Amino acid sequence: MVDPAGSAVPQRNGAATGALGDATDAVLSVEQVPPSDDGRQVVRVGGEIDMLTAPRLRDALTPVVAIPGSDVVLDLDAVTFLGSNGLGVLVELSQQAETVGTKFRLVCANRTVSRPLTLTGLDQVLDFYESYTDLPPAGS
């Protein structure tokens, strides 16, 4: 693939991975689901969270976790890669949420996500659950 300036754009999984924007939409998806009956904000993330897509994840979720007192659940089951930049963004978002009194919880049974969280010890730092049924009641 060639960008408008005429230089080559690297390819991965059939999608361009150059500058963030439409090209990376095929690599990372972030979808906010309408609030659940118990008031939780659920955001589903899919694809790869790496050094190119982690800033996009941060930008998409910062306004969601910035709402004081909300309860946010990040569903990571469709994530196919979680790199160190992605781990850093998850820690940042957790800290931002804590600052304003927002509950920020991660849900994922996918080994692609649980393994790096476990290996780095972040499963003990972040509010991490393997399924929705493991989550504490909303607001607690």
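Just so you know, these numbers come straight off a predicted model, no measurement behind them.
A 4.5 Å side-chain heavy-atom check between Val89 and Ile49 finds every atom pair outside the cut-off.
Expressed to the nearest 0.5 Å, how far OG of Ser29 lies from CG of Leu57 amounts to 10.0 Å. Atom NZ of Lys103 is separated from atom CG of Leu135 by 12.5 Å, given to the nearest 0.5 angstrom. Between the CG atom in Asp59 and the CZ atom in Arg56 there is a gap of 9.5 Å [rounded to 0.5 Å]. Annotation: the span from Leu28 atom CG to Thr80 atom OG1 amounts to 9.0 Å, rounded to 0.5 Å. The CD atom of Glu130 lies 10.5 Å from the CG atom of Asn110; values are rounded to the nearest 0.5 Å. Taken from CG in Leu61 to OG in Ser94, the straight-line distance is 12.0 Å, to the nearest 0.5 Å.
Cluster annotation: Val73 and Phe104 are assigned to distinct hydrophobic clusters (Ile/Leu/Val/Met/Phe/Trp/Tyr, side-chain heavy-atom contacts under 4.5 Å, transitive). Phe128 and Leu74 end up in the same hydrophobic cluster when Ile, Leu, Val, Met, Phe, Trp and Tyr side chains are linked at under 4.5 Å. Both Leu82 and Val43 belong to a common hydrophobic cluster when Ile, Leu, Val, Met, Phe, Trp and Tyr are linked at side-chain heavy-atom distances under 4.5 angstrom. Using a 4.5 Å cut-off between side-chain heavy atoms of Ile, Leu, Val, Met, Phe, Trp and Tyr, with links allowed through other members, Val33 and Val72 fall into different hydrophobic clusters.
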Please determine whether side-chain contact (heavy atoms from CB on, under 4.5 Å) holds for the pair Leu93 and Thr62, giving the CA-CA distance in whole Å, both sets of side-chain angles, and the decisive distance to 0.1 Å.
CA-CA 7 Å; Leu93 291 166; Thr62 295; 3.9 Å; yes
side-chain contact (heavy atoms from CB on, under 4.5 Å) assessment of Leu87 paired with Leu117
CA-CA 8 Å; Leu87 292 170; Leu117 287 172; 3.7 Å; yes
What verdict does the side-chain contact (heavy atoms from CB on, under 4.5 Å) test give for Leu122 and Leu90, after you've listed the backbone C-alpha separation in whole Å, the side-chain angles of each residue and the deciding distance to 0.1 Å?
CA-CA 9 Å; Leu122 289 176; Leu90 294 177; over 6 Å; no
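Shortest non-hydrogen contact noted between Gly86 and Ala54 is N-CB, 4.0 Å. Listed here is the closest heavy atom pair of Ala109 and Asp77: N-OD1, 2.8 Å. The two residues Ala138 and Asp71 make their nearest non-hydrogen contact at CA-OD2, 3.2 Å.
By the salt bridge (charged side-chain N to carboxylate O under 4.0 Å, His left out) test, Asp123 pairs with no residue at all, sequence neighbours left out. Listed by chain and number, the residues in a salt bridge (charged side-chain N to carboxylate O under 4.0 Å, His left out) with Glu92 are Arg58 (sequence neighbours excluded).
Counting non-hydrogen atoms of neighbouring residues, nucleotides and ligands closer than 6.0 angstrom, the CD atom of Glu31 exceeds 12 such neighbours.
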